[in-house]
Number of protein chains: 2
Amino acid sequence: MNQGPSAAADSAMPAIAGAEAGLGLRERKKLRTRQAIRAAARRLIDERGYDSTTIEQIAAAAEVSPSTVFRYFPSKEHIVLTDDYANFTMAFLRERLADEPPLTALRGVLTEMVRGFAGDLSEDYRWRRRLVRRVPAVRALVGESQDRWIDTVSEVLAERAGVPADNLELRVLVGAVTGALHQVLWGDRSEDTDLVAMIERALVVLEHPDSLGYPGTTG
Amino acid sequence: MNQGPSAAADSAMPAIAGAEAGLGLRERKKLRTRQAIRAAARRLIDERGYDSTTIEQIAAAAEVSPSTVFRYFPSKEHIVLTDDYANFTMAFLRERLADEPPLTALRGVLTEMVRGFAGDLSEDYRWRRRLVRRVPAVRALVGESQDRWIDTVSEVLAERAGVPADNLELRVLVGAVTGALHQVLWGDRSEDTDLVAMIERALVVLEHPDSLGYPGTTG
DNA sequence: TAGCTAAACGATAGCAGCTCTCACTTGAGA
DNA sequence: TCTCAAGTGAGAGCTGCTATCGTTTAGCTA
């Protein structure tokens, strides 16, 4: 959980556009160090691959000591994949989950989330997706993030539906939606269309699971 | 993938009851070494926890060298969680997946799989489930296993449905089913009823996702 | 402007998981 | 019985990660 000082601050997140606004010199330096480590890691990994890139090399390229790297990121994987993705979700989850049938409520949350997260299929997102597919350690991190997401969503939905948070049916539903979302976000497909459109297609499948809708029936 | 010599041989799997049948002395010794490592690991982990148990201690308790431990298991996690679970599935997957609508076809496979895998809620299964919940590394292993499962099931279903294996709708469906299955197998619920019955309840949810079926409507 | 406090940093040591190499032992088949 | 290959142990070494400690530096206050 703890990600070192002022986690979830850089990254290509929407909003929070003009960072470095009213921050003191100290905060600005931290932000820059964080970005420097990230940039160095990305460059080195592109050059020689994830496994062949050591923390020592990343530290040297970012001009800090190895210990400093671990002060900013709890593990090597976290350097390439911050989970402000999860934080980002939690923020508006409780507000957006309306008093509708669960799947209907989730539809809105999912589309909005994906739109904010990586709706533009940015270069940065694609880079991360490639790593998620290639590197087991990074993949594991995504899994942890998803588990937390399932817990939170289940809690909120349970509250609204008036069932205990560990209700099997509820968790199965959230688990299924998450499993579907996972395929959309990190799946290995040749096509690379709009993520929001893909979410729509996924939801159609979830609503009519016994009649596979093929491309074109999306509506 | 490679798990050392003669992987997936012990474990509390059904069938394959009378192991050590027509094997030579060499094979029998290997089997016994494998079981000794497993038993030692389980005992030590029960005593002092997963993280506090080192490979060196396990090796000493099993009366082998640390290098030998890694010859039998590719990683520490694999000692407690072999994925013959996955192998077991693949074996009869292609035969059992009938030419029915995907979800209908999966229903049979899931129940039969769970029945064979851990339908009895055995002590061994519960022990593994506790570790999966507690230890991130073990949890990650389950995730990898699931990814492979999704790939295989998707391939088989794609073949029958006449669509490419990376078809989005198909992978979303399989991903959703897997996400639901995950909750049933490894979820953290207080209740501890029959797994097969829980699978049934999960399938009801998948078929009618917009009307949460509460306990009792299982049928 | 001078000085105090706490945050940030670098250096060092150390542990555990994992890989690789090499020499030795032992079971299996000719 | 002899030979070969599989199995094993010992050891060295790399890497991710943690913890400690002394030093530097930013930010506040007098």
Side-chain angles (χ1 to χ4, degrees), chain A residues 1-7 9 20 22-37 40-41 44-45 48-81 131 135-138 140-141 144, chain B residues 1-7 9 20 22-37 40-41 44-45 48-81 135-138 140-141:
Chain A
M1 226 46 187
N2 185 3
Q3 292 205 173
S6 84
E20 293 208 11
L23 297 112
L25 175 55
R26 207 164 221 162
E27 302 299 322
R28 267 179 289 157
K29 275 187 115 176
K30 274 201 294 188
L31 239 167
R32 251 176 261 149
T33 302
R34 195 180 167 82
Q35 288 169 339
I37 295 173
L44 289 176
I45 289 174
R48 59 192 86 176
Y50 182 89
D51 286 334
S52 305
T53 304
T54 71
I55 297 282
E56 213 168 336
Q57 292 167 353
I58 295 175
E63 294 185 305
V64 292
S65 76
S67 4
T68 298
V69 173
F70 283 112
R71 270 197 199 90
Y72 280 86
F73 302 95
S75 78
K76 186 181 174 185
E77 307 93 77
H78 280 83
I79 302 179
V80 310
L81 194 77
L131 272 183
V135 184
V138 176
L141 206 61
E144 294 293 305
Chain B
M1 228 43 184
N2 186 3
Q3 294 205 171
S6 81
E20 293 207 12
L23 297 114
L25 175 54
R26 209 165 220 165
E27 302 298 322
R28 269 179 289 159
K29 275 188 117 175
K30 273 200 294 188
L31 238 167
R32 251 177 260 150
T33 301
R34 193 179 169 84
Q35 288 169 339
I37 295 173
L44 289 175
I45 289 174
R48 60 192 85 176
Y50 182 87
D51 286 334
S52 306
T53 304
T54 70
I55 296 281
E56 212 168 338
Q57 292 167 353
I58 295 174
E63 294 185 305
V64 293
S65 77
S67 7
T68 297
V69 173
F70 284 112
R71 270 198 200 90
Y72 279 85
F73 303 95
S75 79
K76 186 181 175 186
E77 307 94 75
H78 280 82
I79 302 178
V80 310
L81 194 77
V135 185
V138 176
L141 206 61

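Just so you know, these numbers use all the heavy atoms, side chains as well, and skip hydrogens, waters and symmetry mates. In the text below, chain A, chain B and the rest are named by the order of the sequence lines, each starting its count at 1.
- Of the residues in residues 52-63 of chain B, those lying under 4.0 Å from DNA chain C by heavy-atom distance are B:Thr53, B:Thr54, B:Ile55.
- At a threshold of 4.5 Å between non-hydrogen side-chain atoms, the residues A:Tyr50 and A:Val138 count as touching.
- Following rounding to the nearest Å, B:Phe70 (CZ) and D:dG13 (P) show an atom-to-atom distance of 19 Å.
- In this structure, CD of B:Glu27 is placed 11 Å from P of D:dT8, rounded to the nearest angstrom.
- When the P atom of D:dA6 is taken as reference, atom CG of B:Leu31 falls 18 Å away, rounded to whole Å.
- Whole-Å rounding puts the A:Arg34 CZ to C:dA7 P distance at 19 Å.
- Note: CD1 (B:Ile37) to P (C:dG17) measures 14 Å, nearest angstrom.
- Here the nucleotide nearest the side chain of A:Glu77, chosen from C:dT12, D:dT8, D:dC17, is D:dC17.
- At whole-Å resolution of the value, CZ in A:Phe73 and P in D:dT18 are 14 Å apart.
- Contact annotation: B:Tyr72 side-chain N/O to D:dG7 OP1/OP2 distance is not under 4.0 Å.
- Residues B:Ser67 and A:Val64 both approach DNA chain C. Their nearest nucleotides, taken by heavy-atom distance, put A:Val64 toward the 5′ side.
- Residues A:Val69 and A:Pro66 fail the side-chain proximity criterion, which asks for heavy atoms closer than 4.5 Å.
- Distance, A:Arg32 CZ to C:dA8 P: 15 Å, rounded to whole Å.
- Residues that satisfy the salt bridge (charged side-chain N to carboxylate O under 4.0 Å, His left out) test with A:Glu144, not counting sequence neighbours, are B:Arg139.
- Contact annotation: the side chain of A:His78 never approaches that of A:Tyr72 to less than 4.5 Å [non-hydrogen atoms, C-beta and beyond].
- Judged by atom type and distance alone, A:Arg71 reaches the base of C:dG10 through a side-chain donor-acceptor pair under 3.5 Å.
- Between the CD1 atom in B:Ile55 and the OG atom in B:Ser75 there is a gap of 8.0 Å [rounded to 0.5 Å].
- When the side-chain nitrogen and oxygen atoms of A:Lys29 are compared with OP1 and OP2 of C:dA8, none of them lie within a distance under 4.0 Å.
- For B:Arg26, whose side chain is taken as the heavy atoms from C-beta onward, the closest listed nucleotide among C:dC9, C:dG10, C:dA28 is C:dA28.
- Using a 4.0 Å cut-off, no side-chain N or O of B:Lys76 falls inside it from OP1 or OP2 of C:dA16.
- Protein atom CZ of B:Arg48 is 12 Å distant from nucleotide atom P of C:dA16, rounded to whole Å.
- The side chain of A:Thr33 places an N or O atom within less than 4.0 Å of a non-bridging phosphate oxygen (OP1 or OP2) of C:dC9.
- Atoms OG1 and CD1, on B:Thr53 and B:Ile58 in that order, are 6.0 Å from each other to the nearest 0.5 Å.
- Here CZ of B:Arg48 is found 7.5 Å from OG1 of B:Thr54. Values are rounded to the nearest 0.5 Å.
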